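The structure appears right after this line, and notes come after that.
Just so it is clear, the structure is predicted and the values come from calculations on it, not from any experiment.
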Protein chains: 2
Amino acid sequence: MKENKEEQSSTELKIFEAARDVFQAKGLEGTRMQEIADRAGINKSLLHYYYRSKEKLFEKVYQLSIIRVIPQIVSLLNEDLPLDQKLRNFTEKYLEIIIANPDIPLFILHELNKNPTRLKTFMLQEVGKKVQPFLEQLRQESKKGNTVDLPAEQILVNIMSMLIFPFIGRPVFQVIFDMDDAAFEQFIFERKRLLPGFIVQSVMKSNHS
Amino acid sequence: MKENKEEQSSTELKIFEAARDVFQAKGLEGTRMQEIADRAGINKSLLHYYYRSKEKLFEKVYQLSIIRVIPQIVSLLNEDLPLDQKLRNFTEKYLEIIIANPDIPLFILHELNKNPTRLKTFMLQEVGKKVQPFLEQLRQESKKGNTVDLPAEQILVNIMSMLIFPFIGRPVFQVIFDMDDAAFEQFIFERKRLLPGFIVQSVMKSNHS
DNA sequence: TTTTGTTTTAACCATATGGTTGAATCAAAA
DNA sequence: TTTTGATTCAACCATATGGTTAAAACAAAA
């Protein structure tokens, strides 16, 4: 037998990565198995040799896309830090994660929109539970008069929006601002530097450098 | 002949609306002509009687989805108002538009992502031109020290993000915050009331009620 | 009544696509 | 050398789907 064991046979990985790229770019129905095979540099038979069906392959890509992003995030919200530091920390780390996986949000949200039941809701409910303490912290600080006067949920939605949407809206922004790819990368780089401060400043009331 | 002229024959409209709903929910490839026919309460033959092909029908839905949203928005940016009022005005009106068309953003962005050439870029370039004066206004106020110290483009992206993303991320937010549909509508209603103030307060420096 | 455009019905075609199969090849491990 | 799993190749199947067609029914306008 050829190389095997240790890391999953590199072809299996090649197939998965090809599938991930194509599925994320074109969605479930928009994807052709042949295209995945081509991109992986193998033939269609081998696809089914490793992953029995399109559904199975998609499911794996979908689940792993979610798992790759979500747990990292919620853990950031549970660290024991004062609010402003936590906001800064969360913003920076989250931006790094999403910069490393810029196609995942649109992918997940489109598939979720098409088929709301596919995503196991308990997965998100877990997230919900982990988010509660953070919301509580926001409410506490709000009561002390340290934050802007806004429901905690609205604040969180504002933060998530500013973090994620630029990547989803990228093609629109690039045309409107007349940016080529390099310019947009630069724009994101700049954003990584400036956004933490902006978020802290807009959520917390006064005196925070 | 049956009723005709005046408004386009009501079946033609029925078909278009059915197509719009299905295309926006499932995307181009995810949509079956049969499903459109069913939803419109007619049969497949009649689809092709009015719209020759799936492509043609989709194109019409796609273009009109864009046209319905984009021009309204840019006009809001060119009104002759002081910055804080313009921000308030823009936020309120934009939210109304998007509340009336909550499915359009994800639809456009997914299709745009799949096929960047389908959208005539000159359309967005027009938007770009119309946005320039607003960016310039932002820069002027920034120079006067009236706004937060952030590039105009970053500010605009922040605003657009907070306006649009809640609708794209709706299914996620609903689970995380444990909201049923009614609760989420309420959340958006509340947002419409609070967001203009938050945006002004976070973009403009101090003393603005 | 005739005409004309609308709508249904039902059968049908061509194609793309997911998936299968079986034989052949190949390379490494035993 | 034998064995075994990986991989290719080519042909093939079943199905879904977009699209067509022709005939008939229908309803309003002329």
>> According to salt bridge (charged side-chain N to carboxylate O under 4.0 Å, His left out), does anything in residues 99-113 of chain B pair up with another residue at least two apart or in another chain? List the pairs.
In response: B/E111-B/K114
In whole angstroms, how far is the [atom2] atom of [N] from the [atom1] atom of [X]?
X     : N      : atom1 : atom2 : value
B/L47 : D/dT17 : CG    : P     : 14 Å
B/M33 : C/dA14 : CE    : P     : 20 Å
A/E29 : D/dG18 : CD    : P     : 11 Å
B/H48 : C/dG5  : NE2   : C1'   : 20 Å
B/R32 : D/dT15 : CZ    : P     : 17 Å
B/L57 : D/dG19 : CG    : C1'   : 14 Å
B/E55 : D/dT17 : CD    : C1'   : 14 Å
A/K54 : D/dA16 : NZ    : C1'   : 12 Å

> Taking the inter-plane angle between the rings of B/Y94 and B/F90 on a 0 to 90° scale, is it parallel (under 30°), tilted (30 to 60°) or perpendicular (over 60°)?
Replying inline: perpendicular
> Mind checking whether A/H110 and B/H110 have parallel, tilted or perpendicular rings, split at 30° and 60°?
Replying inline: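 Because their plane-to-plane angle is under 30°, the rings of A/H110 and B/H110 count as parallel.
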>> Let's see if you can work this out: which of D/dG19, C/dT6, C/dG19 has an atom nearest to the side-chain heavy atoms of B/Y49?
In response: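 For B/Y49, the side-chain atoms sit closest to C/dT6.
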>> Among C/dT6, D/dG19, D/dT7, which nucleotide has an atom closest to any side-chain atom of B/Y50?
In response: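 Closest nucleotide to the B/Y50 side chain: C/dT6.
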> Which of residues 34-46 of chain A sit near DNA chain C, with a heavy atom under 4.0 Å from it?
Replying inline: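 Listed by number, they are A/K44, A/S45.
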> Taking atom types as modelled, is there a side-chain donor on A/N89 or A/T91 under 3.5 Å from an acceptor on the other?
Replying inline: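 No - no donor-acceptor pair under 3.5 Å links their side chains.
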> Is the closest side-chain donor-acceptor distance between B/Q140 and B/E136 under 3.5 Å?
Replying inline: yes
>> Going by side-chain contact (heavy atoms from CB on, under 4.5 Å), name the residues that satisfy it together with A/D38, two or more places apart in sequence or in a different chain.
In response: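 With neighbours one apart ignored, the set is A/Q34.
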